[in-house]
Number of protein chains: 2
Amino acid sequence: MAKILTSKNGTKKEVIIQKAAQLFKSKSYTAASMRELAEALGVEAPSLYNHIGSKSELLQTICFKVGNRFTEQIGIIRGGSATVIAQIEEIIRFHIQMMLENFDEVYVANHEWKHLSEPLLNDFLNIRRNYEKSLAELIETGIEKNELKKTNPYVAVLTILSAVRGIEFWHRNKKNISPQMLEDDMVNHLLNGIAQ
Amino acid sequence: MAKILTSKNGTKKEVIIQKAAQLFKSKSYTAASMRELAEALGVEAPSLYNHIGSKSELLQTICFKVGNRFTEQIGIIRGGSATVIAQIEEIIRFHIQMMLENFDEVYVANHEWKHLSEPLLNDFLNIRRNYEKSLAELIETGIEKNELKKTNPYVAVLTILSAVRGIEFWHRNKKNISPQMLEDDMVNHLLNGIAQ
DNA sequence: CCTACCGATCGGTAGG
DNA sequence: CCTACCGATCGGTAGG
């Protein structure tokens with residue numbers, strides 16, 4: 001009877017994935033049921049399986065889409081000729097923008113990846129490890145070039161990635177902070193600190 | 001038949017809570033079953049209910065124990081007479097130590113609180129909001145006293161709390177980073193930045 | 001796209 | 001502390 005709306009939202013499968021990301025984010029992957037997802041889309045649960053293979057396939061699609069997008073972007077940035085500091089700033093800004101523009105999917109990739117099943121779980125962790133390694137190399141280069149203070153690259157990676165990930169706690173319009181100000185303040189904090 | 005071991009681990013209830021934190025951390029609250037918890041403790045599932053009221057009670061106990069501990073500590077630190085910078089440093093170090101010493105419970109409080117049911121969910125969020133507010137006030141004081149750069153206090157709180165929370169991704173012995181070095185590097189990064 | 005339905009698993013209780 | 005068991009809900013399939 002009811003049909004999944006697709007107007008300017010891509011294929012039906014894409015619409016399902018988008019709604020799934022929203023649901024997995026607000027209820028967590030395990031607690032979200034396929035019946036709830038179906039209801040949110042206006043159909044009965046079994047109808048979903050005409051478009052998707054399984055619940056876990058939805059999670060996989062979301063996690064790898066996000067992981068691959070970040071990997072692609074750090075390659076583009078590091079392939080450029082900007083200074084190390086400028087590249088780090090670009091990376092931080094990209095993280096913040098991704099978090100603001102693809103909130104549901106980034107949130108799910110950050111929080112629900114542990115419910116991936118092998119061998120995909122291992123693949124996902126490898127994507128993440130390689131990303132962190134690439135960022136650590138960039139920081140090492142910055143230290144060698146004397147653009148950055150001498151510090152442990154892995155702790156710096158941890159600090160930066162954790163900070164930008166925290167944007168998920170930021171609520172729009174709260175305290176009158178614009179996205180631009182959030183970006184500028186956080187970049188400045190991570191690069192220059194807050195001590196006077 | 002089997003009995004829950006309590007030797008130097010506190011009461012049986014405390015042993016159950018500790019194992020629950022471990023299980024909720026590795027499998028998530030929803031995916032972890034009471035049967036698994038019972039098995040990890042060497043008893044049958046119904047036996048658990050002689051010591052605890054329900055699964056959700058376990059989550060509540062963990063979340064509020066952690067939340068109250070942090071609230072207590074920031075009160076102690078802010079009640080002292082150290083400079084603002086020294087107090088912020090103390091707070092950062094306390095977060096890192098809590099994450100290292102009470103990993104399972106801190107992790108669960110950070111990740112699984114959303115499965116609390118009302119009105120406890122609201123109580124927990126209030127505890128967290130008040131904590132963030134207290135830290136923001138401290139930062140505002142630091143700016144007024146010219147100890148800190150002029151920056152948005154809420155963004156600074158977000159950056160600091162997110163960074164320390166990220167310690168959960170840090171694996172012991174990895175890359176030969178000692179806890180002391182981790183603490184020092186992260187405090188230095190957040191206070192002074194990494195740019196040369 | 002639906003109705004009807006399956007086997008598995010869940011949190012928790014009764015009763016001893 | 002156990003065995004036995006309950007009603008509810010889950011992901012997914014059959015068949016049209």
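Below, chains carry the letters A, B, ... as their sequence lines are ordered, and counting in each starts from 1.
- B:Leu41 comes within 4.0 angstrom of no nucleic acid atom, judged by non-hydrogen atoms across all strands.
- Here C:dG11 presents its P atom at 7 Å from CZ of B:Arg35, a figure rounded to the nearest Å.
- Distance, B:Leu48 CG to D:dC1 P: 8 Å, rounded to whole Å.
- Distance from the side chain of A:Lys12 is smallest for C:dC1 among the nucleotides C:dC1, C:dG12, C:dC2.
- Side-chain contact between A:Gln87 and A:Leu138 is present, with heavy atoms from C-beta onward closer than 4.5 Å.
- The six-membered or imidazole ring of A:His95 lies near that of A:Phe70, with a centre-to-centre distance under 6.0 Å.
- Atom CG in B:Leu37 sits about 18 Å away from atom P in C:dT9, given to the nearest Å.
- Base pairing annotation: C:dC6 forms a Watson-Crick or G-U wobble pair with D:dG11, both donor-acceptor distances under 3.5 Å.
- Under the Watson-Crick or G-U wobble criterion, with both distances below 3.5 Å, C:dG16 is paired with D:dC1.
- Between B:Ser47 and A:Glu36, it is B:Ser47 whose nearest contact on DNA chain D lies nearer the 5' terminus.
- Distance, A:Glu44 CD to D:dG12 P: 17 Å, rounded to whole Å.
- Comparing C:dC1, C:dG12, C:dA4 against the side chain of B:Tyr49 picks out C:dG12 as the nearest.
- No hydrogens or angles considered: nothing links the side chains of A:His189 and B:Thr151 as a donor-acceptor pair under 3.5 Å.
- For the residue pair A:Gln97/A:Arg93, the side-chain donor-acceptor check at 3.5 Å is not satisfied.
- Counting any heavy atom pair closer than 4.0 Å across all strands shown, B:Ala38 reaches no nucleic acid atom.
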